[in-house]
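Starting off with a structure, shown below.
Order of the sequence lines fixes the chain letters, A, B, ..., with proteins taken first and strands second; residue numbering starts at 1 for each chain.
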Amino acid sequence: MSAVGHELTHDHSHDDHHHKETFVTKYIFSQDHKMISKQFLITGIVMGIIGIAMSLLFRIQIAWPEESFKVFSWLLGDDFAPGGVMRNDIYLAIVTMHGTIMVFFVLTAGLSGTFSNLLIPLQIGARDMASGFMNMLSYWIFLLSCIIMLSSLFIETGPASAGWTIYPPLSAVPEAIPGSGTGMTLWLISMALFIAQSLMGSLNYVVTVLNLRTKGMTMTRMPLIVWALWITALIGIVSFPVLLSAALLLIMDRSFGTSFFLSDIYLAGEVLHYQGGSPVLFEHLFWFLGHPEVYIVILPAMGISSEVISTNARKPIFGYRAMITSLLAIAFLSTIVWGHHMFVSGMNPFLGSVFTFTTLLIAIPSAVKAFNWITTLWKGNLQMNPGMLFSIGMVSTFISGGLTGIILGDSTLDINVHDTYFVIAHFHLVMGISALYGMFAGIYHWFPKMFGRMMNKNLGYIHFWVTAVCSYGVFLPMHFIGMAGLPRRYYTNSAFPMFDDMIDVNIVITMFALVGAAFQLVFLFNFFYSIFYGKKASQNPWRATSLEWTTPVEHIHGNWPGEIPEVHRWAYDYSKPGYDEDFVPQTVPLRDGEKDGGHH
Amino acid sequence: MTSLLIVVIVALLGIAIWQLTKIFDLTQTKHFVGEEYKSQIATDKDNNINGYLMFVFLAFIYILTIYCCVRWGDMPLLNNAASEHGKDVDRLMWISLGVIFFVQIVTQFLLHYFAFINRGHKDKKATFFADNDKLEFVWTIIPVIVLAGLILYGLYAWNNIMHYNDEEEVLYVEVYAKQFGWDIRYSGNDNVLGKANVRFIEGVNAVGVDMSDPNAQDDKMAKELHLPVGKKVVLKMRSQDVLHSAYFPHFRAQMNCVPGMVTQFAMTPTVTTSEMRERQGIVDRVNSINEARNKHSKKLVEKGEAGLEPYVFDYILLCNKICGRSHYNMQAKVVVETESEFRKWLGQQPTLGQQVAEEKAAAQAPAVETQPEVTPEEVQEPQIVVDTTAVVAQVIK
């Protein structure tokens, strides 16, 4: 199968070689996966800046609820923040937009969009994606969806404000909150487009991995990152359409008078006409995507960490097959655990038992992965590059955040910490910070492949260590205010005397957040500066085994100037006994009697 | 002016960092003349520095955890549960936390220690160690056993909490949520809540009780939730507009209020409000809260605003599902008292039947000239379109 696909793309790309590329076809409407990957990355970074800036605004509000801030007036305007005091519905709007932007636009499209596009063809030995045109379309629809989402910030009633989970009726009825007017409509349109682009991308990734592998690249010789991206795409195909249907039904309820999710509502002195629908149905549909979504976010980060840790430990990844099995197990389980977001939603308690069971099972493959990463470090020869530091950091935050999942996944305990700051601390560590670390690791590691230059290492070190300290500084104390019962999405905690002694924790958290965010500027500078002025990279700077480092530094359409190389071994022959060099590229044939796949 | 200052400071900080890295660069390029790019890959010096920093960072995580435990570790959700099932929840919480702390301490140690001890060196070669079935088996089976225990205990507790015996003598109380407050409805002498639907909302009948239902006549409305100690209460929850969540942190109880649906949560309060106020843990907490309030109060007084009243402990009901602009301030007081105190308090509340009748009588009485001025908003009667054929009043029990 792979051989046929290989021939096909081969011929096709040879034609492409002789095309003269104009500025527009090369940089804008490019169908080259490497360019599309850069487009996803830079768009993701821009969205990330906006998303993180929003988090700072509401952190400042929570820490000093009674003060007024000029920065609010500057950024939000006098309408949203009269006299420098943020309006309470705008607070919720910013919280909503922060969640939406970070989860979907940065950590889904920015992370898997970037690295699927860059790495899948390069690491499996393909000239490009299966469909370059669909790939291009995917990016442009993504950009359109970004623009629509951001444009909702500028309308009079404000952007969507019902939380990133947009539970109706709050999200359905503009009388309930102003953001549920035009802001919500734009949110839904943007999200529908986002899902479309995500599906185009995912289908492309799945087909490319299945059909376009080069000769010798069996599934069990693929690097783990390709496995992770492939499985991520599969989860996306299974779950994103369900969110699309939820969004369409919500649009019907909002604009065409149907009652899928609404019933018996009395608002602003009036009984609304809705009858017979149920918000709980929406919760099911939303979380059927919403939960797999967190794995869509974290699996690429896990794949990147596996790759970067193995390369820089100069050691094969420990338990390659166990890593694949646990990825598959996580992917399968991720689709049958969504109900753990709904233990207290009013659904049948029996379902609560089922979802507790399936949810806690996920801890098993997760534990296997964590232990395998740790064992990969054992007796390694660790090269502490910034990418490596972020990968180790990813393992650390994944463990810290993942462990509290056994509290939240347990229906009995969730009753009490549901929707408190405990939840915020948990998911930010396990899929927010971890995924961001994965993304940073990927950027530092594959920057030379993307831009042909190196990022500055020392700026990378500063970036990592300050970020690492600040991430824990923000989210560790947050568990404690969660265990004091403080609910999330409160504009101020001062309405309850019970929480008055939490004010200093909130100030500490906000300080860490401000410092941490400020040091992301170091990364931004490093990134953009290095694109133009970084030191020239060599072909294989990290001395890695995988195929992407056999392509020339200068990008060419079709990736390899001549034949696509044939693969003879798995991607983890680091420090293999019997070889002088501490890495054996996948293209080196096996010697007589030499075993593949970690056996020797 | 301040903005200019900030810009200048940020710029200076940027320059400082840049200079710092330049210095690093200068000290390193010497060793790699000719292979310039290599200075961008980790050198032995980098490996050493970052290896030690890994160790320092491990210490940081530990110290931060300890500091948090000491400083903010007095977590009200872990002690002094005020309901019968709360003790089970707390026990399971402590066990889970124990497991978490143990695993966290060990795995973070291994991760950072391995990163430190195996930091790279140019003369070293890593050990080719790709697989070991025994090890994989060990760290699959250990989580399986631990989780099996947690799951079994969790499910046992969950079933106990969620299922109550219908035969048992229980008290039915409705918790009714709306933007941005709570209404409480007691089922009265018959212990049956009258049917209700938002389409019946009118005047004092704020939660839409169907007054044609005989069971509804003796229902009683309140703003505070009073509960007798030691008696199982089934809280029936409704919402009139958007999703809310009735969260009772001290009772380890929470359930969403869903428009168009009746949800429920059953619990038995075990400690009265006045008993709880005397518990040492609560006294300490109240003191710590009042300390913070005093500090804050002083600042307010300096600004010429009114100071804060000292805090007295009360059970509380909060909204814990985003519900609109004043979500942060949707609260009600919960009072747990002895059976006799509870009966006395409930006896003082008028029945809904009486209230509705009084309201009707007042509306029919001729208008008195000395009527106090009212704003136009208040005069406007809420328009209620009741399509009687469509209304299906919800049976609460």
Side-chain angles (χ1 to χ4, degrees), chain A residues 88-89 163 167 169-170 176-177 263-267 269 271 314-316 322 344-346 349 353 360 364 367 371 374 377-385 392 399 403 407 410-412 415-416 419 454 457-459 476-477 480 483 485 487 489-491 495 497 500-501 535 538 575-576 598, chain B residues 21 24 37 40 42 46-47 50 64 68 72 75-77 96 100 104 107 110-111 114-115 118-120 124-128 130-131 136 139 143 147 151 154-155 157-158 162 198-199 201 240-243 249 252 254-256 258-260 263 288-289 292-293 311 320 322 324-325 328-329 382:
Chain A
N88 49 19
D89 59 317
Y167 283 178
L170 186 61
I177 193 164
S263 187
D264 297 327
I265 296 169
Y266 179 92
L267 217 100
V271 176
R314 316 306 296 160
K315 247 192 97 191
V344 294
S345 67
S353 318
L360 293 192
I364 298 164
F371 285 122
I374 292 175
L377 297 183
W378 184 66
K379 289 201 171 174
N381 184 22
L382 309 191
Q383 305 303 308
M384 297 290 194
N385 296 308
I392 295 174
I399 293 172
L403 280 171
I407 288 182
D410 194 327
S411 49
T412 308
I415 295 172
N416 216 29
D419 263 0
M454 308 293 286
K457 175 181 65 179
N458 293 316
L459 286 178
L476 251 180
F480 291 82
M483 281 189 279
R489 292 166 173 164
Y490 271 18
Y491 167 66
D500 271 358
D501 59 344
K535 286 185 178 149
S538 65
S575 304
K576 193 162 194 184
Chain B
T21 57
F24 276 123
Y37 77 91
Q40 292 306 308
D46 296 326
N47 291 337
N50 287 291
L64 186 64
C68 287
W72 302 299
M75 293 161 284
L77 292 199
S96 302
I100 289 171
Q104 165 81 349
T107 50
L110 291 177
L111 178 70
F114 284 173
N118 299 309
R119 63 194 184 277
K124 213 167 81 176
K125 201 167 180 186
T127 308
F128 190 83
D131 223 335
E136 298 279 4
W139 54 61
L147 286 167
I151 290 173
L155 292 185
W158 173 251
M162 285 296 148
V198 290
R199 286 168 173 81
I201 292 174
Q240 78 170 27
D241 37 38
V242 299
L243 287 175
R252 318 290 188 254
Q254 176 163 208
M255 185 53 69
N256 285 5
V258 185
T263 55
S288 127
I289 290 168
R293 278 175 81 79
Y311 166 68
N320 197 14
I322 180 171
R325 47 169 76 232
Y328 67 94
N329 193 14

Q: Can you measure from CG (A:D501) to OG (B:S288) and round to the nearest 0.5 angstrom?
A: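 Answer rounded to 0.5 Å: 3.5 Å.
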Q. Where do B:R199 and A:D264 come nearest, in terms of heavy atoms and distance?
A.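 In this case the closest contact between B:R199 and A:D264 is NH1-OD1, 2.6 Å.
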Q | Top contributor to chain A contacts, counting heavy-atom pairs under 4.5 Å, from B:L243, B:I151, B:N118 | A |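 Maximum pair count with chain A is reached by B:N118.
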**Q.** Non-hydrogen side-chain atoms of A:V271 and B:I201 separated by less than 4.5 Å
**A.**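 A side-chain contact is absent here, since even the closest heavy-atom pair is not under 4.5 Å.
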**Q.** Most contacts with chain B, counted as non-hydrogen pairs under 4.5 angstrom, among A:S263, A:A367, A:P316
**A.**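 Maximum pair count with chain B is reached by A:P316.
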Q) Can you name the nearest heavy-atom pair linking A:M384 to B:N50, along with the distance? A)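 Minimum heavy-atom contact is CB-CB, 3.8 Å.
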(Q) What's the separation between atom OG1 in A:T412 and atom CG in B:L155, rounded to the nearest 0.5 Å? (A)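 Rounded to the nearest 0.5 Å, the OG1-CG separation comes to 7.0 Å.
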**Q.** Heavy-atom pair count under 4.5 Å with chain A, highest-scoring of B:S96, B:P143, B:A115
**A.**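 Among the listed options, the one with the most contacts to chain A is B:A115.
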Q.
So which atom in A:S345 and which in B:T263 form the shortest heavy-atom distance, rounded to 0.1 Å?
A.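 Looking at all heavy atoms of both residues, the closest pair is O-CG2, 4.4 Å.
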Q) Under a 4.5 Å cut-off applied to non-hydrogen side-chain atoms, are A:I392 and B:L111 in contact? A)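 Yes, at least one pair of side-chain atoms sits under 4.5 Å.
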Q) With distance as the sole test, does A:N385 use its side chain to make a donor-acceptor pair with the main-chain N or O of B:A42 at under 3.5 Å? A)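 Looks like yes, one N/O pair under 3.5 Å.
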Q) A:F371 versus B:T107: any side-chain heavy-atom pair under 4.5 Å? A)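 Result yes, sub-4.5 Å side-chain heavy-atom pair found.
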Q: Spell out, as yes or no, whether a donor-acceptor pair under 3.5 Å connects the side chain of B:Q254 to the backbone of A:N416.
A: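 No, because the side chain of B:Q254 does not come within donor-acceptor range (under 3.5 Å) of the backbone of A:N416.
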Q: Apply side-chain hydrogen bond (donor to acceptor under 3.5 Å, both in side chains) to B:T127 and list each qualifying residue two or more places apart in sequence or on a separate chain.
A: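 Here no residue qualifies.
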Q) Quick one: are A:I415 and B:W158 in side-chain contact, heavy atoms under 4.5 Å? A)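 Yes, side chains in contact.
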**Q.** Whether A:S575 side chain and B:K125 backbone form a donor-acceptor pair below 3.5 Å
**A.**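 Looks like no, no N/O pair under 3.5 Å.
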**Q.** Side chain, backbone, both or neither of B:E136 within contact of chain A (heavy atoms, under 4.5 Å)
**A.**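 Contact with chain A is through the side chain of B:E136 alone.
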(Q) At a 4.5 Å cut-off on heavy atoms, which part of A:D500 comes close to chain B: side chain, backbone, both, or neither? (A)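 When you check distances to chain B, atoms from both the backbone and side chain of A:D500 fall under 4.5 Å.
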(Q) Out of B:M255, B:M162, B:Q240, return the one with the most heavy atom pairs under 4.5 angstrom to chain A. (A)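 Option with the top pair count is B:Q240.
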Q: Considering only heavy atoms and a distance below 4.5 Å, find which of B:L110, B:N47, B:L147 pairs most often with chain A.
A: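 Top count of heavy-atom pairs under 4.5 Å with chain A: B:N47.
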Q.
Among A:G163, A:P477, A:G346, A:P349, which residue has the highest count of heavy-atom pairs closer than 4.5 Å to chain B?
A.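 Among the listed options, the one with the most contacts to chain B is A:P349.
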**Q.** Part of B:A292 within contact of chain A (heavy atom distance under 4.5 Å)
**A.**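 The side chain, not the backbone.
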Q | By side-chain hydrogen bond (donor to acceptor under 3.5 Å, both in side chains) - contacts of A:W378 (at least two apart) | A |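 Applying side-chain hydrogen bond (donor to acceptor under 3.5 Å, both in side chains) to A:W378 gives none.
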**Q.** Side chains of A:P169 and B:V242 in contact at under 4.5 Å (non-hydrogen atoms)
**A.**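 Result yes, sub-4.5 Å side-chain heavy-atom pair found.
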Q. What is the minimum heavy-atom distance between A:L267 and B:D241, and which atoms define it?
A.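 Where A:L267 meets B:D241 most closely, the heavy atoms are CD1-CB, 2.8 Å.
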